[in-house]
Engineer: 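Mind having a look at this structure? Questions to follow.
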2 protein chains.
Amino acid sequence: MVTLAEVAQHAGVSASTVSYVLSGKRSISVNTRQRVERSIRELGYHPNAGARALASSRSNVIALMVPLRTDMYVPVMMEIAIAVATSARAHGYDVLLLTGEEGPDAVRRVAGSGLADGMILMDVELDDERLPLLRETDRPAVLIGLPADTAGLTCVDLDFKATGALCVEHLAQRGHRDIAVIGEAPAVYERHTGFAERTLDGLRGRARELGLGLLHRPCEGGYDAMAVTLARILDERPGTTGFVVQNESAVEPLLALLRQQGRAVPEDMSVVAICPEQVAVQASVRLTSVAIPAQEMGRLAVEQLVAKLGGRGGDEVVLIAPELTVRASSGPAPAR
Amino acid sequence: MVTLAEVAQHAGVSASTVSYVLSGKRSISVNTRQRVERSIRELGYHPNAGARALASSRSNVIALMVPLRTDMYVPVMMEIAIAVATSARAHGYDVLLLTGEEGPDAVRRVAGSGLADGMILMDVELDDERLPLLRETDRPAVLIGLPADTAGLTCVDLDFKATGALCVEHLAQRGHRDIAVIGEAPAVYERHTGFAERTLDGLRGRARELGLGLLHRPCEGGYDAMAVTLARILDERPGTTGFVVQNESAVEPLLALLRQQGRAVPEDMSVVAICPEQVAVQASVRLTSVAIPAQEMGRLAVEQLVAKLGGRGGDEVVLIAPELTVRASSGPAPAR
DNA sequence: GTGAAAGCGCTAACAA
DNA sequence: TTGTTAGCGCTTTCAC
């Protein structure tokens, strides 16, 4: 193993000079810098992460906590995680992957050991059990998702309230008067996951303002559950012509069932989805949708965290504005 | 920040004693152990990861490299990653998440810096560019997937060849004589990804042995691509009654198209899938399938790596035996 | 612009 | 069973 001291000797300079060449924290003559860089290359030197962490008390690692909830749509989680890892590297950080298994203790362990300089928490609940610990810690943290109380916390999320409102507006503009919302599995609401409730707020608020009928039904994924849910909706509100779906595993079943029942999309029924771009594009009917900006969420979370680690930027709630893309699944309401 | 020295003082022992209580590397009197443990608790001590890594030259971190290929089925990747993280914790290791972004250099960086003690590589190609670097390094590594040359490497994977054979056998036993294989996207084969080719070997080998007709067609995901592929297959081999599908995003389109064309599953056509359990169960027809044992792959990979890190176990290829679960999508071939 | 040297907090001989 | 101590490789103050 090559050490900094060996590089220094090889280049004929002191250890501190090599260190400063590496960190750029003080000016070095061009000559010296080149000699050092050459030695580094020739010897194949890599700074030791442990020694560096010990001496500088910064690990250049950020922890990413991914609770493993089976009812969350996995590809989005993964996309965020990858975006976090990639953006982190661009800022000189590595990413430590923590699962929910360990529970809130992971926060304590990682913060206490100095394994990571800061952390990003995904899939945050409204009343998340990790938050109290987080507030105790002095390590900077960024949440992806909004808890009920954001005081003293930095959060990044899609503006789900605006998203709900946007979906209702889209349908209202096309003349739909009765809208049904197919939501996430009941468990998601019971857990008081922020995004689901905020979406609902947005949907209901705008529906009220525009005087539309709105029926909301949580739904487990799959064909059977969707069949039951759809039957109930059409039974209670036969005049329903617009659907807003916020549940990836209900999308295709809904389309199939409507088809089966001879209801054409978008001629008889319009469907707007809140889902990842990929799901919207690959569905059997290309879906008008508001995309989940997974990449941007990951990237923004890292940028916020890096800013905090650098002493810049304080607590902030960063909401990403929703964008609705019109595709083949929505159109004018049918004449009565 | 509480240090080991402070704990030692508080407990009235020397630093090394505290260290040994923590590591269990030498026997400690019950009395002393309890006093130390009490001090640790009272002071809220957490060992500093950097100092530990520096002194012991082991970081207790394993790196997980996840290349981000858009044509790989993401939930499986995620499931493996989570299983790796969880099993790693159970062995006292944390997991560093590396994406493909950085390319093979990541191997050099992580190995050189001592950031991780060993690494697990996912989504290994037959002729993977990371392998030469890996062989240079002295850090233990485990691959998930099989490269062409496994010499000096430890690999964990589903036995895809046996999987292919198993699928053909299942259909043959039920009287099917002409089988079509819907494969992964062409790009997957072009990249010479091991699992796709090995599956094909197994399929072809057993079909030959049993004297069955076998047609293999790669297929991009989605409805349109599947429609084209299916039409061609039925055109070339009108007598086809059995399908083997190894492409998550072709499963539902295939079922929908068969339905549309009035071909009942399993009465007219049998379908066997090679896919994650979840996909098989959630499909519109519950699929007879060989599951991708993602969790087990992750777990085994960690166990192999931990064994190597502990100086136990050498290079080995660990193949997981496939298990075929019969569900509603396969049955006897229709009478001619 | 460069060097010397004191730690950072822990582990693991070596001693007792 | 326990203590003493010499580093591990790097960063950073202080001095020139």
Side-chain angles (χ1 to χ4, degrees), chain A residues 1-37 39-40 43-61 92 109-117 309, chain B residues 1-37 39-40 43-61 92 94 109-117 309 311:
Chain A
M1 188 201 185
V2 187
T3 69
L4 181 144
E6 295 174 305
V7 173
Q9 192 175 12
H10 185 272
V13 298
S14 72
S16 61
T17 298
V18 177
S19 176
Y20 284 119
V21 166
L22 252 27
S23 68
K25 286 188 182 172
R26 78 181 184 192
S27 48
I28 304 281
S29 73
V30 181
N31 190 329
T32 305
R33 147 165 295 116
Q34 288 180 342
R35 280 219 316 290
V36 170
E37 279 166 351
S39 298
I40 288 179
L43 299 180
Y45 168 73
H46 284 274
N48 180 289
R52 188 169 259 189
L54 177 57
S56 65
S57 45
R58 306 190 323 101
S59 64
N60 277 291
V61 167
R109 192 172 61 83
V110 169
S113 66
L115 240 184
D117 297 332
L309 287 170
Chain B
M1 188 201 186
V2 187
T3 70
L4 181 144
E6 295 174 306
V7 172
Q9 191 175 11
H10 185 270
V13 299
S14 74
S16 62
T17 297
V18 177
S19 178
Y20 284 118
V21 166
L22 252 29
S23 68
K25 287 187 181 172
R26 80 179 182 193
S27 49
I28 303 280
S29 73
V30 181
N31 189 326
T32 305
R33 150 163 295 116
Q34 287 180 343
R35 278 220 317 290
V36 171
E37 279 167 350
S39 298
I40 288 178
L43 299 180
Y45 169 72
H46 285 271
N48 180 290
R52 186 170 261 187
L54 177 57
S56 66
S57 46
R58 305 190 323 101
S59 64
N60 277 292
V61 167
D94 272 294
R109 193 172 60 83
V110 170
S113 65
L115 239 183
D117 298 331
L309 288 171

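Per chain, numbering begins at 1; letters A, B, ... match sequence-line order.
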Engineer: For A/Glu6, what residues pass the salt bridge (Lys or Arg N to Asp or Glu O under 4.0 Å) criterion, not counting sequence neighbours?
Structural biologist: none

Engineer: For residues 51-58 of chain B, which side-chain donor-acceptor pairs fall under 3.5 Å, sequence neighbours excluded?
Structural biologist:
{"residue": "B/Ser56", "atom": "OG", "partner": "B/Arg52", "partner atom": "O", "Å": "2.6"}
{"residue": "B/Ser56", "atom": "OG", "partner": "B/Arg58", "partner atom": "N", "Å": "3.4"}
{"residue": "B/Ser56", "atom": "OG", "partner": "B/Arg58", "partner atom": "O", "Å": "3.3"}

Engineer: For A/Arg58 and C/dG9, what is the distance between atoms CZ and C1' respectively, to the nearest whole Å?
Structural biologist: 18 Å

Engineer: So, using side chain to side chain donor-acceptor pair (under 3.5 Å) as the criterion, who are the partners of B/Asp117 when residues are at least two apart?
Structural biologist: B/Ser59

Engineer: Taking only residues two or more places apart in sequence or in another chain, which ones pass side chain to side chain contact (heavy atoms under 4.5 Å, CB included) with A/Arg35?
Structural biologist: A/Val13, A/Asn31

Engineer: Apply side chain to side chain contact (heavy atoms under 4.5 Å, CB included) to B/Glu37 and list each qualifying residue two or more places apart in sequence or on a separate chain.
Structural biologist: B/Val21, B/Arg33, B/Arg41

Engineer: Closest-nucleotide mapping onto DNA chain D: is A/Leu22 or B/Ala51 further toward the 5' terminus? I mean the 5' end.
Structural biologist: B/Ala51

Engineer: Report all interatomic pairs (protein N or O, nucleotide N or O of nucleotides 12-16 of chain D) with separations under 3.5 Å.
Structural biologist:
{"residue": "D/dT12", "atom": "OP2", "partner": "A/Lys25", "partner atom": "NZ", "Å": "3.0"}

Engineer: So, does B/Arg52 get its side chain near the phosphate of C/dG9, meaning an N or O under 4.0 Å from OP1 or OP2?
Structural biologist: no

Engineer: In residues 109-117 of chain A, what residues come within less than 4.0 Å of DNA chain D, judged by heavy atoms?
Structural biologist: none

Engineer: Across the strands shown, which category fits B/Val13 at heavy-atom distances under 4.0 angstrom: base, sugar-phosphate, nothing?
Structural biologist: sugar-phosphate

Engineer: Residues of residues 1-12 of chain B with any non-hydrogen atom less than 4.0 angstrom from an atom of DNA chain C: list those, numerically ordered, please.
Structural biologist: B/Met1, B/Thr3, B/Leu4

Engineer: Among all residues two or more places apart in sequence or in another chain, which pass the side chain to side chain contact (heavy atoms under 4.5 Å, CB included) test with B/His10?
Structural biologist: B/Ser39, B/Glu42, B/Leu43

Engineer: Provide the full list of side chain to side chain donor-acceptor pair (under 3.5 Å) pairs with a residue in residues 14-24 of chain A, sequence neighbours left out, each pair given once.
Structural biologist: A/Ser14-A/Ser16, A/Ser14-A/Thr17

Engineer: Using only side-chain N and O atoms of A/Thr32, determine if any of them is under 4.0 Å from OP1 or OP2 of C/dT2.
Structural biologist: yes

Engineer: Side chain of B/Ser29 only, heavy atoms from C-beta on: which candidate in D/dT1, C/dA4, D/dC10 is closest?
Structural biologist: D/dT1

Engineer: A/Ile28 has an atom CD1; how far is it from atom C1' of C/dG3, in whole Å?
Structural biologist: 11 Å

